[in-house]
Amino acid sequence: MKSLNPKGVFFILASVNALIPLAIDVYLPSLPLMADVFGKNVEDLSLGVSVFIFGMAVGSLIGAMFSD
């Protein structure tokens, strides 16, 4: 079995970590346009931000268990 390259793992984790702020920065300004396109209220779509943050928190907790 091939072992993991530490530099490759570092690059993957850094890339995923950099995508988190990008996802929020793209999602928040597009909320009014998405509300118009889908025919929903902005308040309904802003629930997605809460779900995203909650998912990141749970993912951090699970990832922390495996990193130790």
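What you see is a predicted model; the values in this text were computed from it and never measured. Values below: all heavy atoms of this structure, side chains included; hydrogens, waters and symmetry mates excluded.
Two residues are said to be in side-chain contact when any heavy atoms from C-beta on lie closer than 4.5 Å; Asn17 and Leu13 fail this criterion.
If you chain together ILVMFWY residues whose side-chain heavy atoms come under 4.5 Å of each other, Tyr27 ends up grouped with Ile20, Ile24, Leu28, Leu31, Leu33, Met34, Val37, Phe38, Val42, Leu45, Val49, Phe52, Ile53, Met56.
Applying the side chain to side chain contact (heavy atoms under 4.5 Å, CB included) criterion to Val26, with sequence neighbours excluded, gives Leu22. Partners of Asn5 by side chain to side chain contact (heavy atoms under 4.5 Å, CB included), not counting sequence neighbours, listed by chain and number: Lys7.
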